[in-house]
Every structure is written in structure tokens, then in C-alpha cells.
Amino acid sequence: MRKYSIRPGNIKSIKEAAVLLKTGKLVSFPTETVYGLGGDATNSFAVAAIFKAKKRPSFNPLICHLENTESAIEFAQFSETAKTLASYFWPGPLTLVLPSRSHNSISSLATAGLKTVALRVPENSIARQIIAEARCPIAAPSANRSGRISPTTAAAAAAELGSECPLIIDGGPCRVGLESTIIDLSIGRPSMLRPGGITREEIESKIGPLVTIRQTNSLPSSPGQLASHYAPEKPVRLKAVKALNNETMLGFGQISGDLNLSWNGDLNEAAANFFEYLRTLDNGPGEIIAVAPIPEKGLGIAINDRLRRAAAKR
Ligand code: TXA
Ligand code: MG
């Protein structure tokens with residue numbers, strides 16, 4: 001196994017991360033959603049290394065992370081709707097799929113050859129400083145092997161991909177705990193490709209009704225929305241009220257378990273705990289993970305999206 005180091009996020013480690021990124025190496029760093037595995041999006045060798053490290057199918061494009069809206073506008077065409085969403089939600093857990101500008105420097109490997117590009121300006125200060133120091137768009141999928149549970153701590157990122165990544169910057173647990181919401185503004189009416197850290201209600205309050213793209217296994221506009229994803233090693237049983245003999249249980253609110261996502265039924269707290277608790281139960285005793293029902297509202301919609309994929313046939 002190759003060596004890697006986990007370093008606390010400070011000026012020194014951030015500069016070191018930027019040097020690695022500028023020379024085509026990969027760095028794992030915290031964002032407010034999940035830990036990312038970052039590489040220079042303009043360097044095809046770095047982007048290829050991301051796909052290889054994650055064992056990710058190369059038809060599944062990556063999100064490019066920018067320091068601010070001004071730099072994002074260099075890479076994509078922003079409609080008025082895009083500008084509105086950026087002004088309300090960037091920096092923050094929102095990704096916009098937009099028509100690429102011709103001649104932009106982002107590797108076509110990162111966009112999987114599409115004419116669109118997924119852009120996001122993260123809010124986490126370590127992420128922002130790394131992007132600013134590296135002075136390039138950073139392609140960063142979640143720092144897990146493809147299809148597995150996303151990491152929300154540096155230790156989880158190390159367990160997933162440490163051997164593939166020389167440096168992991170530790171910024172503590174992620175504030176939101178679920179990936180960014182992805183909104184496609186590249187064709188027709190704005191649509192939601194992935195529920196995430198910004199709720200549908202928040203987005204619709206700014207731009208009106210969104211179209212929801214229904215899940216299929218071969219959706220060309222969002223190849224990442226595969227039916228089985230975010231999956232622990234163990235099978236998952238949903239909407240459980242009590243653990244059976246061979247199960248450990250992830251509780252929520254009144255329905256207790258071996259771990260409880262939020263005793264007082266707070267969906268934001270549940271989101272922040274979700275991936276880490278799933279990982280803990282996956283590494284513990286029991287053959288199956290039973291999960292209490294999660295209300296289908298607010299961040300519960302994004303949690304249920306991850307749970308359905310975690311429980312899907314593999
Ligand atoms: O919160 C997040 O978004 C995290 C952190 C690290 O920023 N990143 C993340 O990346 O979740 P990843 O690679 O796990 O998910 C990227 C998603 C995939 O579902 C992919 O298909 C979609 O974005 N995507 C990327 N480019 C796209 C495009 N041009 N059109 C449609 N979907 C796109
Ligand atoms: Mg992911």
C-alpha cells in the first residue's frame with residue numbers, strides 16, 4: 001500500500017495541497033458536503049488518475065469546483081436563472097449543470113465529452129483556500145471508491161482511498177453531510193438531477209417549479225445517477241421499526257436503534273450523521289443494516305434518495 005498523510009487544514013498544508021494539485025497529483029480535502037478527491041480539472045492526466053483511484057466508469061462526469069462565481073463564468077454560459085441561483089446559493093452545496101463555453105480549458109475527460117459542465121463553488125473555507133492557491137478548477141468527486149459510502153471525515157476518506165492519494169487534508173466532520181444538489185440548467189426547464197444539501201423548496205422559492213428527472217439505469221443527462229450507489233458492504237432494509245436478530249439498526253427520532261441519526265427528529269442533524277453512521281454500522285456486527293423511516297421532506301428527500309440507492313439491487 002502506498003503511503004499517504006493526513007494533515008490538519010492550515011496555511012502550510014493548504015499550500016502543500018496546492019503544489020501537489022498544480023503538479024497533477026491528487027489531494028483529498030473537506031467540503032461542507034462530503035470529502036472530495038481533487039485533481040486539476042484542466043490536466044487530463046490528473047483527471048484520469050481520479051477515475052482510476054475511484055474505479056469510476058469514465059462515462060460518469062465530474063463536478064468542477066471554483067473559487068467564486070466570477071471564475072465559474074469563465075467556463076460556462078450563465079443564463080439569468082443560473083446567475084440567480086449562484087447569487088443565492090454560492091458558495092454552498094449547489095452544483096449547476098450549464099452549457100460549456102467553447103475553448104474552455106477543462107479536460108473533456110472531466111465532462112465525459114458532454115457539451116455541458118457541472119460547476120460548484122463550495123463554502124468550506126479549506127476547500128476555498130485550496131482552490132484559490134491552486135489557481136485552477138478542481139475536479140472533485142466524493143473521495144470514496146465508486147458506488148460506496150461517501151466520506152464525511154478525513155478518517156473515512158483515508159479508509160476509502162488513502163492508498164491512492166498522497167495527502168488528505170483534515171477539516172473535521174462535514175457540516176452538511178450529503179452531496180450538493182445538482183440542478184440542470186442546460187436544456188428547457190430547470191431540472192433536479194440529484195437532491196442534496198440545498199432543498200427543492202429553497203431552490204423553487206427563487207426560480208419557481210423544478211422538473212424532477214426520474215431515475216433510470218441509463219440516463220444520458222446524468223450518468224452518475226445509477227440505481228445502486230452509496231452502498232455499504234451489507235444489505236440494507238428500509239422503513240424498519242425494529243431490528244431483527246441478524247440486524248443492526250440505524251434509528252431516527254422516536255424509533256431508536258444502535259445509532260440514532262437524530263433523537264429529536266432534526267433532518268439537518270440526521271444528514272450530517274448519515275454517511276458516518278452507515279459506515280460505522282457497516283464495520284460493526286450484524287449481517288444487515290435496518291434503517292428507520294425518514295420523513296420525505298426537507299433534507300429527508302436527499303437522505304431517502306441515498307438510502308434507496310444503498311438498498312438497491314447490486
Ligand atoms: O457535494 C458534492 O457535489 C461532492 C463534493 C466533493 O463537492 N462531489 C460529488 O461528486 O458528489 P460526484 O462525482 O460524486 O458526483 C457528481 C455527479 C454525478 O452524479 C455526475 O453524473 C453528475 O454530477 N454530473 C457531472 N457532470 C455532469 C454533467 N455535465 N451533466 C449531468 N450530470 C453531471
Ligand atoms: Mg459520489
Side-chain angles (χ1 to χ4, degrees), residues 26-39 41 47 50-51 53-66 75-77 89-100 104 106-124 126-128 130-131 137-152 156-157 160-161 169 171 174-187 191-198 213 215 217-231 271 275 302 305-306 309-310:
L26 307 186
V27 173
S28 177
F29 61 87
T31 81
E32 68 279 16
T33 59
V34 300
Y35 275 68
L37 177 68
V47 176
I50 294 175
F51 282 102
K54 281 187 60 102
K55 298 192 170 61
R56 176 171 172 129
S58 62
F59 59 78
N60 189 3
L62 305 176
I63 296 172
C64 297
H65 296 66
L66 287 314
F75 297 96
Q77 300 167 40
F89 299 113
W90 280 355
L94 174 72
T95 295
L96 298 178
V97 172
L98 300 167
S100 294
N104 84 33
I106 291 174
S107 162
S108 58
L109 254 187
T111 56
L114 298 170
K115 292 193 169 71
T116 55
V117 63
L119 302 179
R120 155 162 139 79
V121 175
E123 143 211 310
N124 179 286
I126 294 173
R128 300 191 77 192
I130 290 174
I131 299 164
I138 304 294
S142 47
N144 51 275
R145 281 166 286 148
S146 187
R148 292 257 313 144
I149 304 173
S150 305
T152 54
E160 284 289 328
L161 288 175
I169 305 290
C174 300
R175 180 181 70 78
V176 178
L178 296 172
E179 292 83 351
S180 59
T181 301
I182 305 182
I183 303 293
D184 188 350
L185 298 174
S186 68
I187 34 151
S191 60
M192 183 152 88
L193 301 182
R194 177 175 75 184
I198 305 264
I213 301 293
Q215 168 62 55
N217 256 335
S218 57
L219 199 65
S221 69
S222 186
Q225 303 303 80
L226 303 174
S228 171
H229 211 86
Y230 312 107
F275 282 129
D305 167 79
R306 308 308 186 263
R309 291 174 212 276

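Hydrogens, waters and symmetry mates are skipped; everything else that's a heavy atom, side chains included, is used. Keep in mind it's a predicted model, so treat the numbers as computed, not measured. Both ligands and their constituent atoms are indexed starting at 1 by order of listing.
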- Do you know which two heavy atoms are closest between I169 and P30, and how far apart they sit? O-CD, 3.3 Å
- Residue pair G171 / Y35: nearest heavy atoms and the distance that separates them: N-OH, 3.0 Å
Quick one, [X] and [Y] - any side-chain contact, counting heavy atoms below 4.5 Å?
X: P151; Y: L161; result: no
X: V121; Y: F89; result: no
X: F75; Y: L98; result: no
X: R56; Y: I50; result: no
X: S191; Y: L193; result: yes
X: T31; Y: R120; result: yes

- Item | G196, S142, P151: member with heavy atom nearest to atom 14 (O) of ligand 1 | S142
- Taking the minimum heavy-atom distance to atom 6 (C) of ligand 1, which of A140, G113, G197 ranks first? A140
Could you tell me whether some N/O pair between [X] and ligand 1 is separated by less than 3.5 angstrom?
X: T116; result: yes
X: R56; result: yes
X: R120; result: yes
X: Y35; result: no

- List-wise, which protein N, O or S atoms are found short of 2.8 Å from the Mg ion (ligand 2)? S142 OG
Proximal atoms of ligand 1 relative to [X] (non-hydrogen, under 4.0 Å):
X: I182; value: 17 (C), 22 (C), 23 (O)
X: E179; value: 1 (O), 2 (C), 11 (O)
X: A118; value: 25 (C), 26 (N), 27 (C)
X: L193; value: 31 (C), 32 (N)
X: L114; value: 28 (C), 29 (N), 30 (N)
X: G36; value: 6 (C)
X: T33; value: 1 (O), 2 (C), 4 (C), 5 (C)

- Task: Return yes when T111 approaches ligand 1 closer than 4.0 angstrom through a heavy atom, no otherwise.
- Result: no
- Without swapping roles, check the side chain of S107 against the backbone of L109 for a donor-acceptor pair under 3.5 Å. yes
- Counting only N and O atoms by type, is there a donor-acceptor contact under 3.5 Å from the side chain of S28 to the main-chain atoms of L37? no
- Task: Apply the salt bridge (charged side-chain N to carboxylate O under 4.0 Å, His left out) test between E160 and each candidate in R148, K54, K55; give the one that qualifies.
- Result: R148
- Task: Only counting residues at least two apart or in another chain, list the ones meeting salt bridge (charged side-chain N to carboxylate O under 4.0 Å, His left out) with E179.
- Result: R306
- Task: Using the side chain to side chain contact (heavy atoms under 4.5 Å, CB included) rule, take R194 and S180 through it: C-alpha gap first, then chi angles, then the decisive distance, then the call.
- Result: CA-CA 8 Å; R194 177 175 75 184; S180 59; 3.2 Å; yes
